[in-house]
Amino acid sequence: MNVKPGDGLTLLAVTSDGALNGIDVQVVGVVNTGFKEMDDRYLRITLPSAQRLLQSNRVTNLVVGLDQTENTDLVASELTPSLRGQPQQLVLKKWIDLASYYKQVRSLFSTIFIFLGVIVFFMVLMSSVNTLLMTMFERTAKSAPCWPWARPARDHVLFILEPSCSAF
């Protein structure tokens with residue numbers, strides 16, 4: 001909208017009766033959420049101004065902003081007892097219960113990271129197996145002339161496996 005603090009705007013809304021109403025407001029600040037779709041529709045307004053715009057004293061949603069996400073459960077447990085016994089039915093919902101987009105993105109990223117982790121694991125496994133097998137085959141070829149000597153089979157096995165075991 002190319003507005004800046006100090007600009008005047010006229011907000012239009014449909015009231016609960018279906019009538020069109022408008023109020024003049026002054027822009028106090030501009031917020032960039034990082035999501036264009038949200039930036040195009042996001043409006044923060046004081047409660048009295050919103051009630052005047054909608055011509056209603058009702059409050060259908062109340063959002064509580066927290067300084068730390070980790071405090072969500074603590075604040076919810078403190079607010080829940082105060083909501084009981086109110087004349088109207090009030091429901092407390094945590095942000096994670098309402099954030100389906102967040103859950104979907106987190107699930108997608110988890111799947112991607114697991115998939116890439118499996119690929120990296122198999123790459124490391126295959127390269128290690130390749131290195132160990134190459135070492136064993138080279139040692140076997142070098143020890144082939146020694147097979148006829150009267151040495152126990154255990155010595156030949158140890159000769160082949162010794163470089164592989166020393167890596168660990």
Side-chain angles (χ1 to χ4, degrees), residues 1-135 164-168:
M1 291 182 65
N2 295 328
V3 296
K4 57 188 178 303
D7 289 352
L9 290 177
T10 300
L11 299 178
L12 299 175
V14 178
T15 65
S16 59
D17 300 338
L20 187 62
N21 190 26
I23 61 169
D24 292 324
V25 295
Q26 184 176 9
V27 176
V28 176
V30 179
V31 176
N32 183 1
T33 62
F35 297 104
K36 183 184 179 330
E37 294 78 17
M38 189 164 182
D39 289 342
D40 290 346
R41 294 166 182 80
Y42 184 74
L43 172 70
R44 188 171 178 178
I45 189 170
T46 63
L47 181 60
S49 296
Q51 288 175 330
R52 194 170 70 243
L53 176 63
L54 297 174
Q55 295 180 346
S56 172
N57 289 331
R58 291 181 12 186
V59 176
T60 56
N61 290 320
L62 179 63
V63 178
V64 177
L66 303 176
D67 56 349
Q68 297 289 324
T69 305
E70 296 82 27
N71 296 338
T72 302
D73 292 329
L74 176 67
V75 171
S77 65
E78 289 179 6
L79 285 177
T80 302
S82 62
L83 296 178
R84 292 191 190 115
Q86 298 292 329
Q88 65 271 25
Q89 176 73 22
L90 299 175
V91 178
L92 178 72
K93 294 183 181 179
K94 297 178 190 174
W95 71 272
I96 194 72
D97 299 333
L98 301 172
S100 60
Y101 180 73
Y102 172 79
K103 291 178 189 174
Q104 291 170 352
V105 170
R106 186 168 178 179
S107 173
L108 174 68
F109 281 174
S110 295
T111 304
I112 290 171
F113 288 137
I114 289 171
F115 178 73
L116 291 176
V118 168
I119 289 174
V120 169
F121 171 76
F122 278 110
M123 287 176 59
V124 169
L125 179 70
M126 291 300 144
S127 65
S128 298
V129 168
N130 180 42
T131 302
L132 294 174
L133 288 176
M134 283 178 43
T135 302
S164 302
C165 294
S166 65
F168 299 106

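Predicted model, so just to flag it, every value in this text is computed and none were measured. Values below: all heavy atoms of this structure, side chains included; hydrogens, waters and symmetry mates excluded.
Checking side-chain atoms of Lys103 against main-chain N and O of Ile96 turns up a donor-acceptor pair under 3.5 Å. Judged purely by atom type and a 3.5 angstrom limit, Asp39 uses its side chain to pair as donor or acceptor with the backbone of Thr33. Side-chain atoms of Asn21 do not come within 3.5 Å of backbone N or O of Ala13 as any donor-acceptor pair.
When all heavy atoms are compared, the tightest approach of Lys94 to Ala76 is CE-CB, 4.0 Å. Of all heavy-atom pairs between Gly29 and Pro5, the closest is CA-CG, 4.1 Å.
Here OG1 of Thr15 is found 8.5 Å from CG of Leu20. Values are rounded to the nearest 0.5 Å. Interatomic distance, Met38 CE to Asn32 CG, rounded to the nearest 0.5 Å: 11.0 Å. Distance check: Thr10 OG1 to Leu53 CG gives 10.5 Å after rounding to the nearest 0.5 Å.
By the 4.5 Å heavy-atom criterion applied to side chains, Thr72 and Thr69 are counted as neighbours.
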Validation: residues 104-129 side-chain donor-acceptor distances under 3.5 Å, sequence neighbours left out:
residue: Ser110; atom: OG; partner: Arg106; partner atom: O; Å: 2.9
residue: Thr111; atom: OG1; partner: Ser107; partner atom: O; Å: 2.9
residue: Ser127; atom: OG; partner: Met123; partner atom: O; Å: 3.2
residue: Ser127; atom: OG; partner: Val124; partner atom: O; Å: 2.9
residue: Ser128; atom: OG; partner: Val124; partner atom: O; Å: 3.0

In a table with atom names and distances, give each donor-acceptor pair under 3.5 Å that connects a side chain of residues 54-66 to protein atoms at least two apart or in another chain.
residue: Ser56; atom: OG; partner: Arg58; partner atom: N; Å: 3.1

With a cut-off of 3.5 Å and sequence neighbours excluded, list every side-chain donor-acceptor pair involving residues 40-48.
residue: Asp40; atom: OD2; partner: Lys36; partner atom: NZ; Å: 2.9
residue: Arg41; atom: NH1; partner: Glu37; partner atom: O; Å: 3.0
residue: Thr46; atom: OG1; partner: Ser49; partner atom: N; Å: 3.4
residue: Thr46; atom: OG1; partner: Ser49; partner atom: OG; Å: 2.9

